[in-house]
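This one's a predicted model, so the numbers in the text were calculated from it and none came from an experiment. In what follows, chains carry the letters A, B, and so on, assigned in the order in which the sequence lines appear, proteins first and then strands, with residues in each chain numbered from 1.
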Amino acid sequence: MPPQLTVTLPDGSARELAVGATVADLAAQIGPRLAKAALAGSVNGLVVDLTTPLSDGDAVAILTPTTPEGREVLRHSTAHVLAQAVTRLWPGAKYAIGPVIADGFYYDFALPDDARFSDADLSRIEAMMQTIVSEAQPFVRDELSVDAGLSLFADQPYKCEIITSVGTLADEVDAAPELVGGTTVVSTYRNSPEFVDLCRGPHVPSTSRLGHFKLMRVAGAYWRGDVHRPQLQRIYGTAFETKEALEQHLTFLEEAKRRDHRVLGQELDLFSFPDEIGPGLAVFHPKGATIRRVMEDYSRKRHVEEGYEFAYTPHLAKADLFKTSGHLEWYADGMYPPMELDDGQQYYLKPMNCPFHTLIYKSRQRSYRELPLRFFEFGSVYRYELSGALHGLTRVRGMTQDDAHIFCAADQMEDELRSLLTFVLDLLREFGLNDFYLELSTRPPLKSVGSDEDWDVATETLRTVAIGAGLDLVLDEGGGAFYGPKISVQARDAIGRTHQMSTIQLDFQTPQRFEAEFVGKDNAKHRPIMIHRALFGSVERFMAILIEHHAGALPTWLAPEQIRILPVRDDHFDYAHSINKRLSREGLRVRTEVADEPLGGRIRRAKLDKVPYILVVGDDDVANGTIGINTRGASDPFRGISIDEFSAFVEREVDERSIKQFGAES
RNA sequence: GCCGAUGUAGCUCAGAUGGCCAGAGCAGGCGAUUUGUAAUCGUCAGGUCGUGGGUUCGAAUCCCACCAUCGGCUCCA
């Protein structure tokens, strides 16, 4: 009997195999269907090739294309095929890195003679990739010394750079060299005599296992993300295990496009960015302004309830203010250039509200009895964002933050943060978002100020509070502001995308820079701690997220036009108008349209406007004092409903900010 | 800011290789139609083809610069 080894499977069962057996052998032993489906394996938590030999005691899982890890392997191998196709079509092309990303993969190239990919090239490349797939080339792993690697990739400068930067790149690039048995080796995968790539792996056994992929777009990308290094040509693609899965993903992208707030903002006449004003500077049309007003009014009401006091501050201030706050030192690039007055005095548009609120704090002596002090303002700020970074309402140059600064004593900080987090989550839920996780951003490695001790205390306090909230917490290493760490609330929207919403930042610096103080119980002066927080973040951005989350069909309480009344004929207009008057008096946003075209056409227009309720009134309704209700999203209208019943329902729906409309199934 | 693409009427888009007065649908004005749940009919008006230069007998079309938008990169206090 040949020597045996034993491995365990994810379900806890054990399998005996001959010494020297590989992951593929294990899959074959379990069953022929698994052997056929297997793409890679996971051995003791590490994803490996099917050809990897097993050792006694290994915990092994077989990865098929339907597992997340299997899908990653699939995409990674597809990226190699992309690079191979490009080198076939552009002999002499240099290939840099080709990692897996959230929804697919990319590969960066430098083409000979500084050539560029065009969109039309994508289909040519795709066709070549299909050819390579049909050639069923095996992926063969090899391990080389650094020197052998350098000579193998002598004509691939990016590969050589990766090889020589051992240690500095290890976690950054999947192709990094690794230490095996005390010597540095680099691994390569060759899938034909013509193409070999530096890669950590693993890969699918053969290119024939690939095929359901699509190249999405070309883009420029700096080598290693560094503005000062060459810009490469990046091709983005995605790959799935089946045609159906790929198509489902493409449908998802269509859905995201359908919800694009920039398109809906135009269609629904909510806002625009007139060229005459300038990039990234929005104007809100009446309907968009109504949404915004309702959002802001509700926010104000909640802030009053939570013990905030309101402040108003100007849009610009002298340079000295921003010198004191540190903004000019750290973020002058992101500020609009100064205006210079006759006397040489410079004024800047404000990029943040905190210096102003701090001055309100400092306007007189403060006692510990007053703390925590909470100053709230819808503060408009201006930031000179790079032109290429602008994006609809989500990235603008002029925006309004629902901003507040809380000044408190050190021993109040934790309680304050805790109640704040509850407030934030409650508020976001009122707007229809309900799937959250938290992110803790720690000290930035380069740009930051303050003692390590202050940062540690602040970070740990935030961590404690975040954990207490019972949501998932992820770490964003080095993502904090220059003056302190932060917690941000991330929300998943209706189609599963995540958006950064609220931020809560701790700040020991600003009070110090401005020498803010309070008199304690001990009659001595103490320095307050400052908490910056914005719940919507920016009103503009939050509105954009709401529009996309609801696909433009905002809940009734937020809808700019809540009810449209359509008289069937001219002579029903007076009745329609009397209903309009009644509903308007009850605080609802109602409009009556005249009967100048067939009902179907008017219904259609109201539907396209995504009005929550269309009321149709005709002969029957005039006779019986009723209405016909066409609820947004419902398949059939409700006829002969009493106005009392409808108005009572909608008043409650609005009052409770419910997303459940009249007649909707519970 | 960098790479690539795009820019024709309020919106969505046609307008090979330069050559009659630059077209359509929707939206808008006017008129007719009086309509019971996603498009009534007719008619009119609307564009210095993103802007500024250039090439040409002639430019929406070719070249250059700039502006804006889109997709990425970088950035995001």
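- Using a 30° and 60° split on the angle between ring planes, A/Phe482 and A/Tyr331 fall in the tilted class, from 30° to 60°.
- Residue contacts shown for A/Gln233 are limited to sugar-phosphate atoms, with no base heavy atom under 4.0 Å away.
- No cation-pi contact links A/Arg397 to A/Tyr382, judged by a cut-off of 6.0 Å to the six-membered ring centre and 45° from its axis.
- Within 4.0 Å of A/Asp275, counting heavy atoms only, lie sugar-phosphate atoms of the nucleic acid but no base atom.
- With B/rG36, B/rC76, B/rU69 as the candidates, the nucleotide lying closest to the side chain of A/Asp619 is B/rG36.
- Within 4.0 Å (heavy atoms only), A/His532 reaches no atom of the nucleic acid at all.
- For the OP1/OP2 pair of B/rC75 and a distance below 4.0 Å, the side-chain nitrogens and oxygens of A/Tyr384 include no atom meeting the criterion.
- Taking every side-chain heavy atom of A/Leu386 into account, B/rU74 is the closest of B/rU74, B/rC11, B/rG71.
- In the set B/rU37, B/rA39, B/rA77, B/rA39 carries the atom at the smallest distance from any side-chain atom of A/Arg604.
- B/rA77 atom C1' lies 14 Å from atom CZ of A/Phe356, rounded to whole Å.
- Nearest nucleotide to the A/Ile603 side chain, out of B/rG72, B/rA77, B/rU37: B/rU37.
- Salt bridge A/Lys486/A/Asp476: absent, no basic N to carboxylate O contact under 4.0 Å.
- Of the side-chain N and O atoms in A/Arg262, one or more sit less than 4.0 angstrom from OP1 or OP2 of B/rC70.
- The phosphate of B/rG72 (OP1 or OP2) has no side-chain N or O of A/Arg234 nearer than 4.0 angstrom.
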- Evaluate the criterion salt bridge (charged side-chain N to carboxylate O under 4.0 Å, His left out) for residue pair A/Arg569 and A/Asp571; output intermediate values, then yes/no. CA-CA 5 Å; A/Arg569 265 195 331 267; A/Asp571 52 328; 2.8 Å; yes
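- Contacts of A/Gly600 with the nucleic acid, taken as non-hydrogen atoms under 4.0 Å apart, involve only primed sugar atoms and P, OP1 or OP2.
- As judged by a 4.0 angstrom heavy-atom cut-off over every strand, A/Gly618 is placed among the base-contacting residues.
- Atom P of nucleotide B/rA77 and atom CD of A/Gln509 are separated by 16 Å, given to the nearest angstrom.
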- Query: Between A/Ser272 and A/His285, is a side chain to side chain donor-acceptor pair (under 3.5 Å) present by the stated rule, with each step listed?
  - Reply: CA-CA 8 Å; A/Ser272 59; A/His285 304 190; 2.7 Å; yes
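- Taking the six-membered ring for Trp and thresholds of 30 and 60 degrees, A/Tyr107 and A/Phe109 have nearly parallel ring planes, at less than 30 degrees apart.
- In summary, A/Arg259 and A/Glu255 engage in a salt bridge, as defined by a charged side-chain N under 4.0 Å from a carboxylate O.
- Out of B/rU12, B/rU35, B/rA77, the shortest distance to the side chain of A/Pro351 is found at B/rA77.
- When heavy atoms are screened at a 4.0 angstrom cut-off, A/Tyr483 is found touching the sugar-phosphate backbone but no base atom.
- Atom pair A/Lys607:NZ and B/rU37:C1' shows a separation of 8 Å (rounding to whole Å applied).
- Using a 4.0 Å heavy-atom criterion, one finds that A/Ala389 contacts the bases of the nucleic acid, with or without backbone contacts as well.
- The A/Gln231 side chain lies nearest to B/rG72 when the options are B/rG72, B/rU74, B/rG36.
- Nucleic acid contact for A/Asp636: none, since no nucleic acid atom lies under 4.0 Å from a heavy atom of the residue.
- Between A/Phe378 and A/Phe376, the ring-plane angle classifies as perpendicular under the 30° and 60° cut-offs.
- Within the nucleic acid shown, A/Gly628 comes within 4.0 Å of at least one base atom, counting heavy atoms only.
- Here A/Ala221 lies in heavy-atom contact (under 4.0 Å) with sugar-phosphate atoms only.
- Closest to the side chain of A/Arg217, out of B/rU35, B/rG72, B/rU40, is B/rG72.
- Between A/His572 and B/rU35 there is no side-chain N or O to OP1 or OP2 distance below 4.0 Å.
- At a cut-off of 3.5 angstrom, counting only N and O atoms as typed in the model, there is a donor on one side and an acceptor on the other between the side-chain of A/Tyr222 and the base of B/rG1.
- Counting any heavy atom pair closer than 4.0 Å across all strands shown, A/Asp620 reaches a base atom.
- Between A/Arg116 and A/Val568, the one whose closest nucleotide on RNA chain B sits nearer the 5' end is A/Arg116.
- The nucleotide whose nearest atom lies closest to any side-chain atom of A/Tyr236 is, among B/rU37, B/rA77, B/rC73, B/rC73.
- Among the nucleotides B/rA68, B/rU35, B/rG36, the one closest to any side-chain atom of A/Pro598 is B/rU35.
- Among the protein residues, A/Asp226 comes within range of no part of the nucleic acid, since none of its heavy atoms lies under 4.0 Å from any strand.
- Taken together, the paired segments of RNA chain B that extend over three or more consecutive Watson-Crick or G-U pairs, each closer than 3.5 Å at both contacts, are B:1-7 with B:67-73, B:10-13 with B:23-26, B:28-32 with B:40-44, B:50-54 with B:62-66.
- Judged by distance alone, the side chain of A/Glu126 and the main-chain N or O of A/Leu215 form a donor-acceptor pair under 3.5 Å.
- The CZ atom of A/Arg383 sits 19 Å away from the C1' atom of B/rG1 (whole-angstrom rounding).
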